[in-house]
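Following: one structure in C-alpha cells, then a few remarks.
The chains referred to below are lettered A, B, ... by the order of the sequence lines, with proteins before strands, and numbering in each begins at 1.
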Protein chains: 2
Amino acid sequence: MSDTKNDPFATHVVELADLAKALGHPARVRILEVLAQTPGCVCGDIVAQLPLAQATVSQHLKELKRVDLIQGEIAGPRTCYCLNSKTLTRAREMFTNLFTGIGCCQSEGEVHELESE
Amino acid sequence: MSDTKNDPFATHVVELADLAKALGHPARVRILEVLAQTPGCVCGDIVAQLPLAQATVSQHLKELKRVDLIQGEIAGPRTCYCLNSKTLTRAREMFTNLFTGIGCCQSEGEVHELESE
DNA sequence: AATATTAATCGTATATTGCCGATTAACGAT
DNA sequence: ATCGTTAATCGGCAATATACGATTAATATT
C-alpha cells in the first residue's frame with residue numbers, strides 16, 4: 001500500500017501505522033466521538049453532524065470499517081454503526097506501547113521523566 | 001447552538017487527526033522507534049535502518065518535524081534528530097483521551113435500538 | 001581551493017485521498 | 001407494484017502523498 005516493494009516493516013509497525021492512518025482525518029475522529037455520544041448510531045445521524053456530503057461520510061465510514069474500528073449493522077433501509085470496542089482497546093494498547101516505549105532521546109538508555117498530568 | 005454543516009471541526013479533533021496522520025506511515029513509526037533506540041540520532045543512521053532512499057526518509061523526517069514530534073539539530077554536515085518528549089507526551093494524552101473518552105459501544109455484533117421519529 | 005560527505009530540496013512520476021453529484025440497491029410502506 | 005427513504009457505490013476531478021534520482025547547500029578535511 002505504501003511502497004511498491006515487499007514491505008519490510010515489522011507487523012506491529014504496519015498495524016499501528018494503519019490504525020493511525022485511519023484516525024488521520026478530522027471527520028473520522030469526529031465520527032468516533034459521535035458514535036460514542038449518539039445512542040442511535042445511524043448513518044444519517046452521523047451525516048447530520050458532519051460538514052460533509054453523505055457520499056463523503058460514507059467513504060470515511062468505510063475507512064473506519066476497513067481497520068475494524070467500527071461495525072455497521074444493516075437495520076432495514078438504514079445502517080446502524082457501532083464502535084468496535086475490541087479494536088479500540090487494541091489500538092489504545094498499541095499507541096500506549098508506542099509512546100511509553102520510545103520515551104525520550106536525551107541520552108542513550110535514559111528515559112525522560114514525564115511531568116505528572 | 002451550532003450549525004454543524006457549516007462549522008469546522010473542533011481544534012482538538014483537528015490536532016489529534018494531524019498527529020495521527022503523521023503516525024500513519026510505517027516508515028514514520030519506525031523512525032520514532034529508531035530515534036528512541038539509537039544513541040546517535042543522525043539522519044544517515046536512520047536511512048541505514050530503513051528500506052527507503054535518503055530523499056524519501058528526509059521527507060518522512062520533514063513530516064514528523066512538521067507536527068513537532070521530532071527535532072533536528074544541525075551538527076556540522078550532519079543533522080542530529082531527536083524525539084520531542086513534550087509533543088510525544090501531548091500526543092499520548094490526546095490519544096488516551098480519545099480512547100477512554102469514547103469508551104466502548106455494546107458487545108460486539110449487538111445493535112442499538114433505533115429511536116422512532 | 002579542492003574534495004568528500006551529509007542531508008535538504010528539486011523535479012517528476014505514480015498512487016492515493018478527499019470531495020461531491022448522480023446513481024443504484026435495498027428496504028418499508030402504501 | 002409503486003413510491004419514498006436510506007446509504008453504498010460510481011464517476012470524475014483536484015489535491016495530497018509517496019517514492020526516487022539528481023542536484024544543491026553546508027561543512028569538514030586535505
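The interatomic distance linking A:E63 (CD) with D:dT16 (C1') rounds to 15 Å, in whole Å. Distance CG (A:L61) to P (C:dC19): 13 Å, rounded to an integer number of Å. B:L52 has its CG atom 14 Å from the C1' atom of D:dG21, to the nearest Å. A:D45 places its CG atom 12 Å from the C1' atom of D:dT6, with the value rounded to the nearest Å. Between the NZ atom of B:K62 and the P atom of D:dA19 there is a distance of 15 Å, rounded to whole Å. Rounded to whole angstrom, the span from the CG atom of A:L64 across to the C1' atom of C:dT17 amounts to 14 Å. For the pair A:I70 CD1 and D:dA8 C1', the interatomic distance rounds to 13 Å; values are reported in whole Å. Spacing between atom CZ of A:F9 and atom C1' of D:dT18 amounts to 12 Å, rounded to whole angstrom units.
In terms of position along DNA chain C, the nucleotide closest to A:A55 lies nearer the 5' end than the nucleotide closest to the other residue of the pair A:A55 and A:G76. Closest-nucleotide positions on DNA chain C for A:I74 and B:V47 were compared, and the one nearer the 5' end corresponds to B:V47.
The shortest distance between the side-chain N/O atoms of A:Y81 and the OP1/OP2 oxygens of D:dT6 is not below 4.0 Å. Here B:K21 does not reach the OP1 or OP2 of D:dT16: none of its side-chain N or O atoms lies under 4.0 Å away. Side-chain N/O atoms of A:H60 include one lying less than 4.0 angstrom from OP1 or OP2 on C:dC19.
At a cut-off of 3.5 angstrom, counting only N and O atoms as typed in the model, there is a donor on one side and an acceptor on the other between the side-chain of A:Q54 and the base of D:dA8. Between the side chain of B:Q59 and the base of D:dA17, no donor-acceptor pair under 3.5 Å is found.
Considering only heavy atoms from C-beta on, B:L69 comes within 4.5 Å of B:L19 through its side chain.
Which of D:dT18, C:dC19, C:dG21 sits closest to the side chain of B:H25 comes down to D:dT18. Taking the side chain of B:A53 as heavy atoms from C-beta on, and the options D:dT18, D:dC20, C:dG21, the nearest nucleotide is D:dC20. Residue A:R28 has its side chain nearest to C:dG18 when only C:dG18, C:dA8, C:dC20 are considered. Relative to the side chain of B:P77, the nucleotides D:dA7, C:dT6, C:dA7 differ in distance, and C:dT6 lies closest. Among D:dA8, C:dC20, C:dA8, the nucleotide with an atom closest to any side-chain atom of A:C43 is D:dA8. Among the nucleotides D:dA7, D:dA8, C:dC19, the one closest to the side chain of A:R78 is D:dA7. Listed nucleotides C:dA8, D:dC10, D:dC20 differ in distance to B:S58; the shortest reach to its side chain belongs to C:dA8.
B:T79 comes within contact range of the sugar-phosphate backbone alone, with a heavy-atom separation under 4.0 Å but no base atom that close. Across all strands, A:V57 comes closer than 4.0 Å to no nucleic acid atom at all (heavy-atom distances).
Using a 4.0 Å cut-off between a side-chain N of Lys or Arg and a carboxylate O of Asp or Glu, A:D18 and A:R66 qualify as a salt bridge.
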Exercise for the section: Under the side-chain contact (heavy atoms from CB on, under 4.5 Å) rule, what do A:Q49 and A:T38 come out as? Steps first, then yes or no, please. Expected result: CA-CA 10 Å; A:Q49 295 198 53; A:T38 309; 3.4 Å; yes
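The structure places CD of B:Q54 at 8.5 Å from OG1 of B:T56, a figure rounded to the nearest 0.5 Å. Separating the CZ atom in A:F99 from the OG1 atom in B:T89 is a distance of 9.5 Å, to the nearest 0.5 Å.
A:V13 and A:V67 fall within the same hydrophobic cluster, where Ile, Leu, Val, Met, Phe, Trp and Tyr residues are linked whenever their side-chain heavy atoms come under 4.5 Å apart, directly or through other members.
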